[in-house]
**Student:** 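Here's a structure for you.
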Protein chains: 2
Amino acid sequence: MSVSLLDMTKVYIGQEKILVAVDCIVFGFDSKEIKLLLFKRKREPHTGEWSLIGSFIKSDKSLEESAEEVLHESTGLKDVFFEELKTFSAVDRDSGGRVISVAYFSLIRLDELNLDSVENYNARWFSLDEIPDLILDHDQMVQCAIEKLKIKIRRKPVGFNLLPEKFTLPQIQILYESIYQREIDSRNFRKKLLSFDILTRTEEKDKSTSKKGAYLYKFNKDKFDEFVAKGYNFEL
Amino acid sequence: MSVSLLDMTKVYIGQEKILVAVDCIVFGFDSKEIKLLLFKRKREPHTGEWSLIGSFIKSDKSLEESAEEVLHESTGLKDVFFEELKTFSAVDRDSGGRVISVAYFSLIRLDELNLDSVENYNARWFSLDEIPDLILDHDQMVQCAIEKLKIKIRRKPVGFNLLPEKFTLPQIQILYESIYQREIDSRNFRKKLLSFDILTRTEEKDKSTSKKGAYLYKFNKDKFDEFVAKGYNFEL
DNA sequence: GCAAAAGTGTTTTCACTACACCCATGA
DNA sequence: TCATGGGTGTAGTGAAAACACTTTTGC
């Protein structure tokens with residue numbers, strides 16, 4: 001350890017150091033449509049304008065750790081789904097100085113959200129067609145994330161991170177419809193999803209949207225791993 | 001401009017700056033198999049060991065510009081295909097100090113390669129099953145890039161960046177076979193590829209691998225754009 | 001008993017797979 | 001003339017798309 005501290009000051013001396021930040025694009029689903037979580041910026045420049053949540057990274061944290069921390073502080077949630085989206089490094093992207101930002105893309109369960117944390121941060125959920133102007137290049141980050149969401153949810157089971165632990169088939173169909181922005185035939189959708197055999201049906205029904213009630217299902221990670229091990233492809 | 005210089009020193013003061021680098025994973029295709037370009041490292045630590053080519057980024061260049069520069073210097077090529085792969089930011093990933101690296105993934109035409117540049121850099125092409133131990137986390141970067149190449153070449157027409165401007169159908173089939181590591185039925189492969197109608201057949205034949213000779217084709221960008229505009233999906 | 005959402009099957013269509021022979025040419 | 005790689009067509013199979021009615025139950 002002391003060797004690496006020594007090297008640090010010797011080996012790469014003379015190279016320029018740069019500010020590095022993470023910014024998080026956070027999506028949620030309110031059982032009707034997909035939404036984006038935005039924050040009123042607290043620091044200069046652009047204080048009070050809408051922006052993504054982010055933070056500078058410190059030299060003792062990896063980018064992933066920093067993103068995790070940002071997500072935890074702003075939503076109160078731990079173990080949320082997130083992954084790297086893209087770096088944004090145009091020299092003049094931030095009027096406050098030269099900052100390279102790594103954008104992270106995150107999917108959270110709205111029902112688990114800690115409302116206190118969110119309010120602390122002056123946050124609000126926006127429909128994708130009502131997103132306000134954002135600071136710096138955050139609009140680009142958001143567009144990029146929306147693209148990625150559409151592609152990713154088709155081939156990876158990431159959508160379950162947007163649903164409550166127990167969800168109904170109509171609910172997941174609405175999620176996909178809201179992301180793809182088109183209607184889906186429910187017979188074909190259910191048939192395909194159930195054919196994967198990666199869900200467990202519970203005995204409970206959700207009667208909040210119909211008199212008949214819809215069965216609640218859980219995503220079954222073990223079955224999904226088996227599904228993958230057999231060489232099958234998830235695609236919805 | 002002077003405002004931003006002023007802000008730079010004021011607004012984000014007190015935040016830690018970090019060394020940022022780019023590293024490039026460069027693939028080529030020698031008409032037989034896909035290969036990886038590696039370099040003998042010139043600087044401490046790990047001088048003389050095999051590594052990816054990279055460089056620290058300066059505060060007046062974006063990451064993309066830096067990657068482009070690195071690729072130009074090491075191969076002599078301009079306008080090569082490259083895109084961001086992933087950031088690598090573990091705190092102790094570099095024994096020479098805290099460095100965040102952004103890995104770029106690049107595909108080049110071996111026939112256009114400037115051999116002087118390559119020799120200057122002590123470079124060598126390696127088959128994917130003969131890759132030597134690499135410094136730091138460069139092995140991880142390479143594994144990640146190989147994964148990405150397999151996925152990407154299936155659904156995007158990036159493979160043409162690995163072929164000469166004019167190529168034969170047997171050639172492109174071998175390219176795909178070498179990446180997928182399995183044989184492909186040539187009747188089905190050709191049928192599908194030609195059905196996209198994104199290639200232009202020239203009148204020339206390549207007789208270097210057979211007496212009959214194989215027609216040379218060119219990738220037709222305009223036709224490809226049309227293909228995409230019609231909503232069709234490239235998948236090989 | 002009726003409105004409203006949940007749940008279910010069949011037919012058609014199309015894309016992928018498997019598979020075998022002829023062609024052109026240089027040596 | 002023959003060895004070598006280039007080039008082509010067809011039948012069978014399976015997944016996706018299109019499509020309409022029955023079930024449940026709170027009001």
Side-chain angles (χ1 to χ4, degrees), chain A residues 30-33 153-155 163-164 166-178 180-218 227-228 230-236, chain B residues 30-33 153-155 163-164 166-178 180-218 227-228 230-236:
Chain A
D30 65 1
S31 289
K32 288 200 196 66
E33 57 177 345
I153 203 167
R154 169 156 307 165
R155 302 190 206 278
L163 294 166
K166 294 175 186 173
F167 53 85
T168 66
L169 298 186
Q171 233 179 332
I172 187 169
Q173 184 176 341
I174 291 168
L175 170 63
Y176 274 84
E177 288 178 328
S178 102
Y180 291 161
Q181 309 238 63
R182 63 180 176 84
E183 294 200 336
I184 299 172
D185 182 281
S186 67
R187 287 159 295 190
N188 292 335
F189 183 83
R190 298 166 68 101
K191 203 187 311 168
K192 194 168 183 184
L193 178 51
L194 290 175
S195 77
F196 294 160
D197 192 29
I198 56 172
L199 302 183
T200 307
R201 194 174 89 175
T202 70
E203 291 309 307
E204 299 163 74
K205 284 191 165 191
D206 168 20
K207 296 208 166 190
S208 66
T209 55
S210 78
K211 291 155 187 168
K212 185 178 180 182
Y215 279 109
L216 286 162
Y217 289 79
K218 284 179 171 181
F227 173 86
V228 171
K230 283 181 186 156
Y232 298 136
N233 283 322
F234 181 91
E235 181 166 348
L236 277 178
Chain B
D30 66 0
S31 289
K32 290 203 196 65
E33 58 176 342
I153 202 166
R154 169 157 304 168
R155 302 190 206 278
L163 295 166
K166 295 175 185 173
F167 52 85
T168 66
L169 297 187
Q171 234 179 330
I172 187 168
Q173 183 176 340
I174 292 167
L175 170 62
Y176 273 85
E177 287 178 330
S178 102
Y180 293 161
Q181 309 237 65
R182 63 180 176 84
E183 294 200 338
I184 299 173
D185 182 281
S186 67
R187 288 160 294 192
N188 294 336
F189 183 82
R190 299 166 67 100
K191 203 187 313 168
K192 193 168 185 185
L193 177 52
L194 291 176
S195 76
F196 295 160
D197 191 28
I198 57 172
L199 302 183
T200 308
R201 195 175 89 175
T202 69
E203 291 310 304
E204 299 164 75
K205 285 191 163 190
D206 169 18
K207 296 207 166 190
S208 66
T209 55
S210 78
K211 293 157 186 168
K212 182 177 180 181
Y215 279 109
L216 286 162
Y217 289 79
K218 284 180 171 178
F227 173 86
V228 172
K230 283 181 187 155
Y232 298 137
N233 284 322
F234 181 91
E235 181 165 348
L236 276 177

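All figures in this text were calculated on a predicted structure; none of them were measured in a lab. Chain A is the first sequence line, chain B the second, and so forth, proteins listed ahead of strands; every chain is numbered from 1.
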**Student:** Just the rounded figure in Å: distance from P of D:dA15 to CG of A:Asn233.
**Tutor:**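 So the two atoms are 12 Å apart, to the nearest Å.
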**Student:** Is the ring centre of A:Phe196 less than 6.0 Å from the ring centre of A:Phe234?
**Tutor:**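 A:Phe196 vs A:Phe234: aromatic centres under 6.0 Å.
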**Student:** Over how many whole Å does the gap from B:Phe189 atom CZ to C:dA18 atom P extend?
**Tutor:**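 Going from CZ in B:Phe189 over to P in C:dA18 covers 16 Å.
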**Student:** What heavy-atom pair brings B:Ile184 and B:Tyr176 nearest, and what distance separates the two atoms?
**Tutor:**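 Taking every non-hydrogen atom into account, CD1-CB, 3.8 Å.
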**Student:** Quick one, B:Ser31 and B:Gln171 - any side-chain contact, counting heavy atoms below 4.5 Å?
**Tutor:**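 Yes; the side chains approach each other to less than 4.5 Å.
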**Student:** Mind calculating the distance between CZ (A:Phe196) and P (D:dA15) to the nearest angstrom?
**Tutor:**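 From A:Phe196 CZ to D:dA15 P: 11 Å.
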**Student:** If the threshold is 4.0 Å, N to carboxylate O, is there a salt bridge linking B:Lys32 and B:Asp30?
**Tutor:**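 The answer is no: the pair does not qualify as a salt bridge.
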**Student:** Between CD1 of B:Ile198 and OH of B:Tyr232, what distance do you get to the nearest 0.5 Å?
**Tutor:**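 Rounded to the nearest 0.5 Å, the CD1-OH separation comes out at 13.0 Å.
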**Student:** Specify the separation, in whole Å, of atom OH of B:Tyr215 and atom C1' of D:dG7.
**Tutor:**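 Whole-Å distance recorded here is 10 Å.
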**Student:** Tell me which one of B:Leu194, B:Leu193, B:Leu163 satisfies side chain to side chain contact (heavy atoms under 4.5 Å, CB included) with B:Tyr217.
**Tutor:**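 Single pass found, and it is B:Leu194.
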**Student:** Check B:Lys207 against B:Gly213 and note the closest heavy-atom contact, atom names and distance.
**Tutor:**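 Looks like CG-CA, 4.0 Å.
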**Student:** Could you pull out the protein-nucleic contacts involving nucleotides 21-24 of chain D (nitrogen or oxygen on both sides, under 3.5 Å)?
**Tutor:**
| unit_1 | atom_1 | unit_2 | atom_2 | d |
| --- | --- | --- | --- | --- |
| D:dT23 | O2 | A:Lys212 | NZ | 3.1 |

**Student:** Of all heavy-atom pairs between B:Tyr180 and B:Leu236, which one has the smallest distance, and what is that distance?
**Tutor:**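 Looking at all heavy atoms of both residues, the shortest contact is OH-O, 2.7 Å.
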**Student:** Output the rounded distance in Å from CD (B:Glu183) to C1' (C:dT17).
**Tutor:**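 So the two atoms are 16 Å apart, to the nearest Å.
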**Student:** Between P on C:dC19 and CD1 on B:Ile184, what's the gap in Å once rounded to a whole number?
**Tutor:**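 Checked: the CD1 to P distance equals 16 Å.
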**Student:** Can you check the A:Asp206 CG to C:dA6 C1' distance for me, whole Å?
**Tutor:**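 Taking atom C1' of C:dA6 as the reference, CG of A:Asp206 is at 11 Å.
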**Student:** Show each protein N/O and nucleotides 16-19 of chain D N/O combination with a separation under 3.5 Å, one pair to a line.
**Tutor:**
| unit_1 | atom_1 | unit_2 | atom_2 | d |
| --- | --- | --- | --- | --- |
| D:dA18 | N7 | A:Asn188 | ND2 | 3.0 |
| D:dA18 | N6 | A:Asn188 | OD1 | 3.1 |
| D:dA18 | N6 | A:Lys191 | NZ | 3.4 |
| D:dC19 | N4 | A:Arg187 | NE | 3.3 |

**Student:** What is the distance, to the nearest angstrom, from the CZ atom on B:Arg190 to the P atom on C:dA15?
**Tutor:**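 From B:Arg190 CZ to C:dA15 P: 21 Å.
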**Student:** Can you list the steps and then say if A:Phe189 with A:Leu169 is a side chain to side chain contact (heavy atoms under 4.5 Å, CB included)?
**Tutor:** CA-CA 9 Å; A:Phe189 183 83; A:Leu169 298 186; 5.9 Å; no
